[in-house]
A.B. asks: 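This structure is in structure tokens; I'll ask about it shortly.
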Amino acid sequence: MKKRKFLITAGPTREYMDPVRFISNASSGKMGYLIAEEALKKGNIVTLISGPTCLKPPLKTRVISIISAEDMHKEVRKCFPECDVFISCAAVSDYKPLRFEKSKIKKSSQVMTIKLAPTSDILKSATESKTKKGKIIVGFALETENIIKNARKKLYEKSLDIVIANPSESMESDKSEAAVILKNGEIIKLKKSPKKIIAKKILKIISDYADGKID
Ligand code: C5P
């Protein structure tokens, strides 16, 4: 099997509003870390850009730890040109507080309004900057309803090769189910199993796609 350079993002991002409070989500980072482990087992070179998680990264992985979506974007921009396969598994926060207060915001009994600004779409800007032919880009879509329809929309809007759709119950869980949607419209359903098994199957599909065994 050909040795490839994998770039994988994993975990949540944190968007701070003051030195102690932030907006984030419940992503554990498990799926990204397990895919990294599988890619390594198959002899690939792996760079993992990770938001804050409690996980131990697989040995022999180059790990870049980040906090915010902006940090992650900066690191992806640096690493993306060199990679053969980019897997955007991270649950990037879609919004960040418009203002960062240098001192801890004082508690009051008044209703407080926080203005949020959208973060930049790291995956979309990566595909837009793609110059190398044959580079494979994989996204994830965590959905609460119309899972396949919404995931397929992301596949086209973000010009992905593959999108992996999973239900919101996958978050923080040790188990997951998934529908792997290929650019040609084909859907491969992966039944509910431990994330380790799902990661192995996802890696196999990505490798077969990269080897031209499926299109
Ligand atoms: O948030 P959304 O459902 O659009 O996420 C779909 C894909 O886009 C995921 O692969 C995620 O890692 C990526 N994403 C990103 N930057 C964002 C939001 C999402 O790279 N700001």
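Order of appearance sets the numbers: ligands from 1, and atoms from 1 within every ligand.
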A.B. asks: Do Ser170 and Ser176 have a side chain donor and acceptor closer than 3.5 Å?
C.D. replies: yes
A.B. asks: Between Thr13 and Glu15, does any side-chain donor sit less than 3.5 Å from a side-chain acceptor?
C.D. replies: yes
A.B. asks: Strictly by salt bridge (Lys or Arg N to Asp or Glu O under 4.0 Å), give each pair with a member in residues 83-93 just once, sequence neighbours left out.
C.D. replies: Asp84-Lys132
A.B. asks: Please output the residues near ligand 1 using a strict heavy-atom distance under 4.0 Å, listed in chain and residue-number order.
C.D. replies: Ser88, Ala90, Val92, Asp94, Thr119, Ser120, Asp121, Ile122, Leu123, Gly139, Phe140, Lys154, Lys158
A.B. asks: Just jot down the side-chain hydrogen bond (donor to acceptor under 3.5 Å, both in side chains) partners of Ser50, sequence neighbours excluded, or say none.
C.D. replies: Tyr33
A.B. asks: Start with the C-alpha distance between Phe100 and Tyr16, add both sets of side-chain angles, then the distance that settles ring-ring contact (aromatic ring centres under 6.0 Å, His included), and finish with yes or no.
C.D. replies: CA-CA 7 Å; Phe100 173 76; Tyr16 277 86; 7.3 Å; no
A.B. asks: What salt bridge (Lys or Arg N to Asp or Glu O under 4.0 Å) pairs are there with at least one residue in residues 175-192, not counting sequence neighbours?
C.D. replies: Asp161-Lys183
